[in-house]
Amino acid sequence: TDPGRLARGRSYARAGQDKGEVELHLGDPEQEIFLLHRLGSLRAPLLWAGDWHRLATSVFLHAGWTHFLMNLFGLFLFGFFVERRIGSRRTALLFATSALVGNAVFVQRRPWEYCVGASGALYGMVAVFVAYDSGLHARRPGELLFDRRFWFVSLMLFAFDVGAAEGLSLPIAPEAHWAGYGAGIAFGWLVLSEGRPRLRRVARAVAGIAFAASLALAIRPVYLPGYRLWVADRTFVTEDSRAGLAAYLELHERGVEGSGLRVALAEYETSGPVPALERLDALPEEERSSIAGRYLRIDALDDLARKPEADAAFDELLAEMEEAVGEGPWLDNAFAMACADHRRQLPEAHVRMYRLLLSDPALDPEKIDTIGWVELVSGEREDGLLALQASWAMYPEAAIAYHLSEAHAQLDDVARAREFLALAFDPKRNLQLGMPGSNLLDVVRARRLGARLAARPVSATKVDELSASR
């Protein structure tokens, strides 16, 4: 823990600020997810918050060259045949329909995961290729279900997905594949079959309604408990804690997973630490002993000046993290962040971050955010601010906005502190909304910071002095 313990992290942060931007690189597994997020990857909370364009932009993004080249080869192989048979316009329509339906089904099945790639569109192309090869253009649509070639190809694709996902543990999205395949089959029936004109018009109308419904359910899946929890979280974040508490209580009465812990959090802000602790103690063990539950308990005990109990709860939090995350860089990062959040064991947090820097010089934005937060709460305000700014340049997420607001507040830059505080309440930047185990305690902390900032005048800043010196 000598004075140069985080020199590499500081120099990395300064280099990023001097360039005006920080580059993320495709090919680094720890950075890909942040780069793809910035470019338009698909994730349900972002879609629900209004980023509807991600249904389309994610189709043209890929998780590395292998993923890209495999899809490119498949589209060339099958797309060339399909385009010659049905024409360019219909092929483009097939691509778009299969891709959008695949993405729409994915976000409903796996709302908390990222999705990129054109595999849904590729499977739609394969479906039309099989339909044509099976002679659908010369037969009635129903006869395809009894064709051996159709079932052989379908089973082969199913075996490929199962083997890739279960056997090789590849991060693929079978839901998007098979939704795209189904959309391709329906498209083939409508385009290739030679049924009666009136029947085809009815079928096209039904298909259009089904397509619109799939997109509508992806954007507003009111039947999903996770979506209802996301709506309640948005109310808590963007309105006030009392409105959020009412929404959480309604979900808790319906037995929605994760709502009980959120009730405790809202009560912590509206009624104080004692009702929050009582609510926590009444929750099931799994929810009470979760990382988010332990975070809330530590803050409540600190507010009540019950330090021995808070210290014991912090030790339990670290043990829970070690069990949940396991050894390695992610544990070091989670450990250091917990130490900074609760102002405990900061020398050990510096050791963990130093070890992280030695093992991985090209850090992702979450780890750089942790470096900045640890530095800030340790009193190194300028270094903390530089690291946080570098992290924000890579990944403008709500938690980083809150940390930057705290940094600017400590440097007497009230105007910028308020600016970042507003961003901390933006639903599009808060990716934890709706997740059952989310830790939304930063929202409470940010509102407390906002109350302190409201009483402070806007004045000349130390940040301007720092920028001038640099």
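Heavy-atom basis, side chains included; hydrogens, waters and symmetry copies ignored.
L61 pairs in a side chain to side chain contact (heavy atoms under 4.5 Å, CB included) with only one of the listed residues (V116, L35, L42), which is V116. Under the side chain to side chain donor-acceptor pair (under 3.5 Å) test applied with E269, the options R448, R242, R447 reduce to a single match, R447.
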Full working for side-chain contact (heavy atoms from CB on, under 4.5 Å) between T238 and F425
CA-CA 6 Å; T238 60; F425 296 111; 5.6 Å; no
Let's go through L318 and F335 carefully: what are the C-alpha distance in whole Å and the side-chain angles of both, what is the deciding distance for side-chain contact (heavy atoms from CB on, under 4.5 Å) to 0.1 Å, and is it a yes or a no?
CA-CA 7 Å; L318 297 183; F335 180 97; 3.5 Å; yes
Evaluate E375 against H350 for side chain to side chain donor-acceptor pair (under 3.5 Å), listing each step before the verdict.
CA-CA 8 Å; E375 288 286 87; H350 282 109; 3.2 Å; yes
What do the steps show when you test D281 against R297 for side-chain contact (heavy atoms from CB on, under 4.5 Å), and what is the final call?
CA-CA 10 Å; D281 291 335; R297 182 177 296 277; 2.9 Å; yes
Step-by-step side-chain contact (heavy atoms from CB on, under 4.5 Å) determination, Q345 to D315:
CA-CA 10 Å; Q345 300 186 27; D315 292 337; 3.9 Å; yes
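In the displayed structure, F76 atom CZ is contacted under 6.0 Å by at most 12 heavy atoms of other residues, nucleotides or ligands. Atom CZ of R288 has more than 12 neighbouring heavy atoms from other residues, nucleotides or ligands inside a 6.0 Å radius. Applying the 6.0 Å contact sphere to CD of E285 captures more than 12 heavy atoms from other residues, nucleotides or ligands. Around CD of E419, the count of heavy atoms belonging to other residues, nucleotides or ligands within 6.0 Å exceeds 12.
With values rounded to the nearest 0.5 angstrom, F95 atom CZ is found 11.0 Å from T97 atom OG1. Taken from CG in L388 to CD1 in I400, the straight-line distance is 8.0 Å, to the nearest 0.5 Å. Rounding to the nearest 0.5 Å gives a distance of 10.5 Å between CZ of F73 and CG of L122. Atom CG in D299 sits 8.0 Å away from atom CG in D341 (nearest 0.5 Å). Atoms CZ and NE2, on R381 and H408 in that order, are 13.5 Å from each other to the nearest 0.5 Å. Interatomic distance, CG of L317 versus CD1 of I298, reported as 4.5 Å (0.5 Å rounding).
Side-chain atoms of S405 never come within 3.5 Å of backbone atoms of A401 as a donor-acceptor pair (strictly under, hydrogens ignored). Side chain of S58 to backbone of S41: no donor-acceptor contact under 3.5 angstrom is found. Using a distance-only test at 3.5 Å, with no hydrogens or angles considered, no donor-acceptor pair links the side chain of E175 to the main chain of V105. In terms of modelled atom types and a separation under 3.5 Å, the side chain of T235 and the main chain of V231 share a donor-acceptor contact. A donor-acceptor distance shorter than 3.5 angstrom exists from the side chain of R429 to the backbone of P396, with no hydrogens or angles considered. In this structure, S391 contributes its side chain and A387 its backbone to no donor-acceptor pair below 3.5 Å.
Between H37 and Y395, the ring planes are perpendicular. Angles over 60° get that label, and only those under 30° would be called parallel. In this structure, W230 and Y227 have parallel ring planes: the angle between them is below the 30° cut-off, well short of the 60° mark. Classified by interplanar angle (parallel below 30°, tilted 30° to 60°, perpendicular above 60°), the ring pair F68/H62 is perpendicular. The aromatic rings of Y181 and Y123 stand perpendicular to each other, their planes meeting at an angle above 60°, with 30° marking the opposite boundary.
Looking only at side-chain heavy atoms (C-beta outward), F106 and P111 stay at 4.5 Å or farther from each other. R262 places none of its side-chain heavy atoms less than 4.5 Å from the side chain of E287. Within the 4.5 Å cutoff, no side-chain heavy atoms of L385 are placed close to those of L376. No side-chain heavy atom of P273 sits less than 4.5 Å from a side-chain heavy atom of E267. In this structure, the side chains of S119 and H177 come closer than 4.5 Å at one or more pairs of heavy atoms. Side-chain atoms of Y268 and P275, non-hydrogen and from C-beta on, never get closer than 4.5 Å to each other. The side-chain heavy atoms of W373 and E406, taken from C-beta on, include a pair separated by under 4.5 Å. Between T270 and D240 there is no side-chain heavy-atom pair separated by less than 4.5 Å.
E316 has a carboxylate O that lies under 4.0 Å from a charged side-chain N of R294, or vice versa, which qualifies the two as a salt bridge.
Between Q108 and S214, the closest heavy-atom pair is NE2-O, 3.7 Å. Of all the heavy atoms in G450 and L421, the pair that sits closest is CA-CD2, 3.3 Å. Pairing each heavy atom of C115 with each of N103, the nearest pair is SG-OD1, 3.8 Å. Between A121 and S98, the shortest heavy-atom distance links the atoms CA-CB, 3.8 Å. The two residues A276 and A264 have their closest heavy-atom pair at CB-O, 3.6 Å. Residues T57 and G40 share a closest heavy-atom pair of OG1-O, 2.8 Å.
Side-chain rings of F236 and Y248 approach one another, their centers coming within less than 6.0 Å.
Figure legend: K428 and W48 shown without cation-pi pairing, the cationic atom not lying both under 6.0 angstrom from the six-membered ring centre and within 45 degrees of its axis.
Side-chain contact of D302 with H342: a donor-acceptor pair under 3.5 Å is absent, judged by distance alone. Side-chain contact of W392 with D369: a donor-acceptor pair under 3.5 Å is absent, judged by distance alone.
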